[in-house]
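Order of appearance sets the numbers: ligands from 1, and atoms from 1 within every ligand. Each residue takes its place number in the sequence, starting with 1.
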Amino acid sequence: MLRVAVLVSGGGTNLQAILDAVADGTIQGAEVVKVISNNTNAYALTRARNAGIPAECVTRKMYPVPEEFDRALLATIQSSSADLVVLAGCLVVMPQLIVDAYPNRIINIHPALIPSFCGQGYYGLKVHEKVLERGVRVTGATVHFVDGGTDTGPILLQKAVEVREGDTPEILQRRVMEEAEWKLLPRAISLIAAGRVQVKDGRAYIR
Ligand code: GRF
């Protein structure tokens, strides 16, 4: 059984998609063993509690010294004995300390088709604002492995989503969540739990 720790920062709709997929059998062979938030007000924590999943907060307020925050976050992940770390709407850029401790065992969902609209400063609604500003016809979401950079690790899954006339950032964000994010993350966890994913020479392969 693949033990999964989910890191969150906000509403937790991606966490909810994972929990629902475990509950309805879409995800086989994996269980969410801990939810960790860097935001004490994250509604994701309520979703964890409602699902009976242990949740903990590690915030910069608790650990103002960056190195101490990094160590506390690593210790909290390690205490869950997780095999896989899933960043689900997590706004913390993973410190190298954690990336090194979990090589090719951290995945992230980004609300765009990497390498478009990603990197420093591209998160949340901002991504969709930039998509609309540029006038692209297609956007989407990406699940990738986390390496030392921001949205730079090996791509595992992507799904395209149509941009429509009259879309606002909020409408587009919702469509990307519904049509892509909430499908891709459970599928990625399923594939990894089934041992069907291999990362080699910076590329992710699905067998
Ligand atoms: C959303 O912008 C989503 O696209 C991105 O993180 C933000 C919050 O997601 N992945 P969630 O509802 O907290 O999962």
Looking only at protein heavy atoms, what sits closest to atom 2 (O) of ligand 1 is Gln173 NE2, 2.7 Å
Which residue and heavy atom of the protein sit nearest atom 7 (C) of ligand 1, plus the separation: Gly89 CA, 4.2 Å
How close does the nearest protein non-hydrogen atom get to atom 9 (O) of ligand 1, and which residue and atom is it? Asn14 ND2, 3.6 Å
Are the side chain of Gln158 and the backbone of Ile114 linked by a donor-acceptor contact shorter than 3.5 Å? yes
Take every heavy atom of Gly12, measure it against each atom of ligand 1, and state whether any distance is under 4.0 Å. yes
Passing option when Leu132 is tested against Ile171, Leu172, Thr139 for side-chain contact (heavy atoms from CB on, under 4.5 Å): Leu172
Using the test side chain to side chain contact (heavy atoms under 4.5 Å, CB included), find all partners of Ala188 that sit at least two apart in sequence or belong to another chain. Ile107, Val143, Leu156, Leu157
With heavy-atom distances below 4.0 Å as the criterion, list the atoms of ligand 1 near Met177. 1 (C), 3 (C), 9 (O), 12 (O)
Kindly list each side-chain donor-acceptor pair under 3.5 angstrom involving residues 77-89, sequence neighbours excluded, with atom names and distances?
from: Ser79; atom 1: OG; to: Lys34; atom 2: NZ; distance (Å): 2.9
from: Ser79; atom 1: OG; to: Thr76; atom 2: O; distance (Å): 2.7
from: Ser80; atom 1: OG; to: Ile77; atom 2: O; distance (Å): 2.5
from: Ser80; atom 1: OG; to: Ala82; atom 2: N; distance (Å): 3.2
from: Asp83; atom 1: OD2; to: Arg3; atom 2: N; distance (Å): 2.6

For atom 12 (O) of ligand 1, what's the nearest protein heavy atom and its distance? Thr13 OG1, 2.6 Å
Considering only heavy atoms of Ile109, which atoms of ligand 1 have at least one such atom less than 4.0 Å away? 10 (N)
Decide whether the shortest distance between a heavy atom of Val8 and an atom of ligand 1 is less than 4.0 Å. no
For Arg207, does the CZ atom sit with more than 12 other heavy atoms under 6.0 Å from it, leaving out its own atoms? yes
Should you measure from each heavy atom of Pro111, which atoms of ligand 1 turn up under 4.0 Å away? 4 (O)
Arg175 atom CZ, neighbour heavy-atom count above 12 within 6.0 Å: yes
Side chain or backbone of Glu181 under 4.0 Å from ligand 1, or both, or neither, by non-hydrogen atoms? side chain
More than 12 heavy atoms from other groups under 6.0 Å of OH on Tyr123: no
